[in-house]
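A quick write-up on the structure given underneath.
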Amino acid sequence: MLNSGRHLALFLLVLLLVQGTPVYGQAVLDALLARSQAGAMDTGLVNAIQERAGQANLSPQQTAALLMPSVLLDEQGLPTRMVLQKTLEGLAKQVPFPTLQDVLGRFQTHTEAAAVLAESWLAEDLTQRLLQLPEGAEERGGLIETLTVAHMGASSETELQRLLERLPREVNRPSVTYHEVRAALHVWPDLHATTERADTPSDFIIVALNSGFSERDFQQVPGALRTAQQNSQRSSIDLLSLITQQLGQGTTAARVLRQLRQGNF
Amino acid sequence: MRYVLVLMIGGLGWLTTSQAQTLETTLSLRAEVGSQVGMASTSGTDLSFQLPLVGRLPDELNLDTPRPFAAFVPVGRLQYGGPSGSLSVFGAARYQAVAEHFDQVQYAHGHVEAAWRMSKTWQSGWAGVLQQTDPNQVGRLVWDAPTQVKVTEMAGLAPDHTRFWTGVFLEATLQERASIRVKVGYQRRTQHMGKGHNYAFTQIRFDWYQHDGFRIQSSAYTRFQRIAEARYYGAMLRVFYALRRMQTMFHLETEQGGFPLLQNTFGEAVEDDRILRAVRQDRFWRMGLTGIWDLGADVAVVAQLDLIQPARAFFSRNWHSLHVGTGVQWKVGRRTKATSRAPSLWQQEGPQALLHFPYPRRGDLYIVGDFNDWTQPGIPLMRQQGGHYTTTLTLPPGRYQYKILRVDEGRTEWLPLPPDALTEADSFGGVNGILIVDTLD
């Protein structure tokens with residue numbers, strides 16, 4: 001209730017200032033910066049955004065609008081690093097202001113949704129046992145960021161929820177690490193080339209984790225799959241099914257990746 | 001007129017690697033078919049025809065080090081004319097293996113050559129080269145110790161001459177655009193019917209990369225050979241002679257889409273040998289023009305014009321040569337994309353990541369990403385020989401996004417990432433490169 005009240009107040013303030021004078025715009029920006037300093041945001045990144053927005057000739061109102069998603073996330077106790085970095089990236093690439101604002105807004109929405117998923121997932125004992133997550137906000141924040149990426153790329157939230165339910169129940173390799181699970185979740189959206197056989201990417205993720213895929217192995221899968229698709233003229237979902245089957249039969253990660261790159265199917 | 005078959009078989013290369021890393025190797029097949037016509041006169045005319053077929057074999061392997069291999073098969077050459085009115089047919093096959101290990105220490109080159117020739121002589125031989133290089137950055141010191149043995153036989157008799165040489169050179173990169181190389185070596189040449197020669201040589205080479213595609217290379221070569229020795233009780237007097245060679249070359253290249261479009265080389269070489277003749281001096285200049293038009297789909301058309309003109313020649317006949325060549329280059333085989341060569345773009349050494357980007361002749365490049373908060377211009381990439389850029393980043397374990405920025409006279413341009421790079425969408429309609437620094441367990 002408190003949060004929604006703050007959101008509304010901030011929204012109205014920004015709305016007013018977007019239409020208002022530069023003086024008011026500067027006042028809102030100052031207020032927003034003060035709130036960012038009161039929270040856990042990286043002030044170095046915030047200052048960098050302020051400075052580079054000025055260099056890009058953005059008005060104080062526009063700068064405030066770029067910072068708003070991060071401030072709102074921070075006030076909910078959610079990670080802001082990814083959104084702040086995306087803001088800096090957009091400024092570096094001279095992305096037009098409306099596009100940048102829209103992208104940052106989507107990041108905020110997906111981060112909030114991912115946080116809800118993460119909280120309920122982490123509350124399960126099986127998940128704790130799988131991740132063996134050390135106490136600390138850093139790992140939790142990293143997981144939320146990963147789930148944000150997965151959430152943005154998922155065709156539906158239900159699919160992501162199903163994967164999260166399956167992971168602690170079906171991944172049984174004791175040495176699976178938190179970083180490997182994160183890497184798996186990170187590439188999972190890229191494997192959704194088609195909605196047909198929607199479980200196939202999740203099946204692959206689970207079998208690959210059980211087969212000993214490393215972080216880097218996971219990161220190579222989408223590209224290798226594209227290469228295999230071009231070389232073998234087979235659909236990515238077919239290839240994914242095939243390598244899932246091979247991994248289930250004991251083929252190593254290195255061999256599967258090599259086979260994908262060579263397209264020998 | 002006499003025809004003799006010339007056969008030269010040779011060479012073997014080795015490689016050394018210092019560390020087992022999970023790296024990928026990419027090998028592709030390339031075929032090149034072309035023709036070359038050459039003429040040389042004043043006392044005669046040479047007409048040659050060349051049909052080179054160049055292959056790069058075979059497919060990719062998953063070895064501990066990137067190890068591209070190249071095979072060159074067969075090269076046919078028909079030559080007619082010349083001072084004695086000779087006719088010759090020449091064919092050659094060359095197999096070349098090149099291994100590169102970019103982690104921190106060394107890479108090695110080797111090649112195998114085989115050739116046959118129908119001409120006035122019969123010849124066989126072999127040669128191998130081993131060298132190690134430390135590819136670092138500005139201020140680097142490269143050491144190289146190549147060794148070569150070549151045995152040449154003429155007309156099926158005993159070896160006509162054997163040549164062995166070894167040496168070491170140090171290369172210092174003075175700054176991004178300049179490097180200086182000092183080479184010191186020893187060579188022994190043994191002739192079948194005569195006395196062997198031993199000599200030492202030094203070479204100083206200076207390279208200056210003036211601009212994208214324009215390079216000036218100047219080198220001075222001096223050979224020292226003992227020709228006499230006198231002893232008088234405990235004293236010894238040795239007399240040396242020196243062969244000096246000065247060469248300055250200018251290379252001008254342009255490119256289109258990363259593909260060389262025009263290559264122009266011109267320069268002058270002066271060689272002064274004071275022992276074989278009272279005075280021996282050859283001076284010539286050479287200008288070459290090569291055009292390579294990339295037609296896409298791994299096919300390119302190559303055209304070459306090469307003119308060599310001596311300004312003064314005492315030892316050899318006064319000659320000039322014009323070569324015209326055309327060819328088609330076709331890369332056969334599966335090009336590995338995205339993930340396949342991605343690991344070779346970087347190597348992790350503890351908390352450091354050595355990045356390697358194959359951008360030929362691209363000017364001043366920087367890497368920018370979330371690891372430096374997208375601060376421009378970013379961390380400079382250092383141009384290395386062979387058309388690639390490297391840098392070393394010290395990063396904590398994690399997953400990073402980056403782009404490559406080109407800065408040219410104040411203008412900036414985001415470069416497309418190499419096709420081998422790991423990438424992901426950046427949410428703005430473009431892509432970012434991905435760099436993963438593994439957790440150190």
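Just so we're on the same page: letters track the sequence lines, and every chain starts at 1. What you see is a predicted model, and the numbers here were worked out from it, not measured in a lab.
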Could you report the tightest heavy-atom contact between B:Gln376 and A:Ala92, atom names first, then the distance? NE2-O, 2.9 Å
Do A:Val103 and B:Phe428 touch side chain to side chain, with heavy atoms closer than 4.5 Å? yes
Contacting moiety of A:Leu45, where chain B heavy atoms sit under 4.5 Å: side chain
Side-chain contact test, heavy atoms from C-beta onward, threshold under 4.5 Å: evaluate it for A:Glu89 versus B:Asn432 and give yes or no. yes
How many angstroms lie between atom CG of B:Asp373 and atom CD1 of A:Ile49, to the nearest 0.5 angstrom? 9.0 Å
Within a strict 4.5 Å, meaning less than it, do heavy atoms of the B:Gln401 and A:Gln85 side chains meet? no
Verdict with supporting geometry, A:Lys86 and B:Asp426, salt bridge (charged side-chain N to carboxylate O under 4.0 Å, His left out): CA-CA 9 Å; A:Lys86 193 51 73 176; B:Asp426 67 354; over 6 Å; no
Where does B:Thr412 contact chain A at under 4.5 Å (heavy atoms): side chain, backbone, both or neither? neither
Side chain to side chain donor-acceptor pair (under 3.5 Å) for B:Ser427 and A:Arg106? Distances and angles first, verdict last. CA-CA 10 Å; B:Ser427 303; A:Arg106 280 194 283 126; 5.6 Å; no
